[in-house]
Amino acid sequence: DAKTTQPNSMESNEEEPVHLPCNHSTISGTDYIHWYRQLPSQGPEYVIHGLTSNVNNRMASLAIAEDRKSSTLILHRATLRDAAVYYCILREQGAQKLVFGQGTRLTINP
Amino acid sequence: ETGVTQTPRHLVMGMTNKKSLKCEQHLGHNAMYWYKQSAKKPLELMFVYNFKEQTENNSVPSRFSPECPNSSHLFLHLHTLQPEDSALYLCASSQYNSGGTYNEQFFGPGTRLTVL
């Protein structure tokens with residue numbers, strides 16, 4: 001499985017945008033970039049995924065570099081409820097498994 | 001009930017006990033998973049079931065025994081566990097599409113297991 005690298009932790013303020021980076025320099029052409037997050041005392045939840053183009057949904061935006069060696073999860077206006085561990089995961093097209101890394105622990109200050 | 005539910009939420013057991021964890025998904029999915037999340041370690045995939053058939057065992061010790069009686073229910077039977085098996089055990093489900101792709105996984109809240 002191609003590997004991803006994320007900062008261990010990040011901190012931001014409520015109502016400000018948050019940019020969570022992920023490096024995946026060994027990504028293959030058929031790897032999708034998935035983001036999940038795990039709120040305290042809960043299981044992970046799906047956030048967003050993409051292949052090449054930037055993606056938007058109600059939770060977040062995903063910006064993918066042109067060479068696909070990095071991506072950024074964007075929370076446009078962070079709330080206290082967004083404090084969680086965010087996981088960036090590569091999953092090959094058609095593959096079933098998710099391989100979780102350590103993720104980034106995001107702290108939101110009031 | 002909606003989504004993925006797990007019972008019990010907390011479990012304390014001795015090394016000689018036998019207990020079972022239960023997972024139920026109310027999403028109509030055809031794939032289910034068991035994960036283990038130990039302190040300071042990433043989530044580890046333990047077992048995968050597709051259409052009630054086990055398709056992956058990630059070198060899990062035999063003291064963990066999964067059972068999938070139907071597509072909505074998944075059990076993890078525990079016996080003769082060790083203290084290092086203390087962890088959060090998470091169940092997940094997803095949908096396999098006829099086009100050969102899997103949708104996102106939906107996770108339950110987990111069972112916090114402590115082995116004394």
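Bear in mind the structure is a predicted one, so any value in this text is a computation, not a measurement. By convention in this document, chain letters (A, B, ...) are assigned in the order of the sequence lines, proteins followed by strands, and residues within each chain are numbered from 1.
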If hydrophobic clusters are built from ILVMFWY residues whose side chains come within less than 4.5 Å, do [X] and [Y] share one?
| X | Y | answer |
| --- | --- | --- |
| A:Y87 | A:Y46 | yes |
| B:W34 | B:M32 | yes |
| B:L81 | B:M15 | yes |
| B:Y89 | B:L11 | yes |
| A:L106 | A:W35 | yes |

Between [X] and chain A, with a heavy-atom cut-off of 4.5 Å, which part of the residue counts as in contact: side chain, backbone, both or neither?
| X | answer |
| --- | --- |
| B:Y96 | neither |
| B:N97 | neither |
| B:R112 | neither |
| B:L45 | side chain |

Is it the case that more than 12 heavy atoms not belonging to [X] sit under 6.0 Å from its [atom1] atom?
| X | atom1 | value |
| --- | --- | --- |
| A:D67 | CG | yes |
| A:R105 | CZ | no |
| B:E84 | CD | yes |

Is any side-chain heavy atom of A:R91 closer than 4.5 Å to a side-chain heavy atom of B:Y102?
-> yes
Next on the checklist: A side-chain contact here means heavy atoms from C-beta on lying under 4.5 Å apart; do A:F100 and B:E44 qualify?
Outcome noted: no
Handout entry: Heavy-atom contact with chain B under 4.5 Å, split by part of A:Q93
Key =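 Neither part; nothing is under 4.5 Å.
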- request: Among A:G94, A:P44, A:S41, single out the residue with the greatest number of heavy-atom pairs under 4.5 Å to chain B.
  value: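 It is A:P44.
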Check step by step if side-chain contact (heavy atoms from CB on, under 4.5 Å) holds for B:E56 and A:K97.
-> CA-CA 10 Å; B:E56 181 146 349; A:K97 292 194 297 184; 3.1 Å; yes
* Step by step, would you call A:Y36 with B:F107 a side-chain contact (heavy atoms from CB on, under 4.5 Å)? -> CA-CA 11 Å; A:Y36 281 73; B:F107 285 80; 4.1 Å; yes
Quick one: closest heavy-atom pair of [X] and [Y], and the distance?
| X | Y | value |
| --- | --- | --- |
| B:P42 | A:G101 | CB-O, 3.4 Å |
| B:K41 | A:Q102 | C-OE1, 4.2 Å |
| A:L98 | B:Q105 | CD1-CD, 3.6 Å |
| A:G43 | B:L90 | CA-CD2, 3.7 Å |

If only side-chain N and O atoms count, and only distance matters, is there a donor-acceptor pair under 3.5 Å linking A:Q96 with B:Y33?
yes
Original post:
Taking atom types as modelled and ignoring hydrogens, do the side chains of A:Q38 and B:Q37 form a donor-acceptor contact shorter than 3.5 angstrom?
Top reply: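 Yes, a side-chain donor-acceptor pair sits under 3.5 Å.
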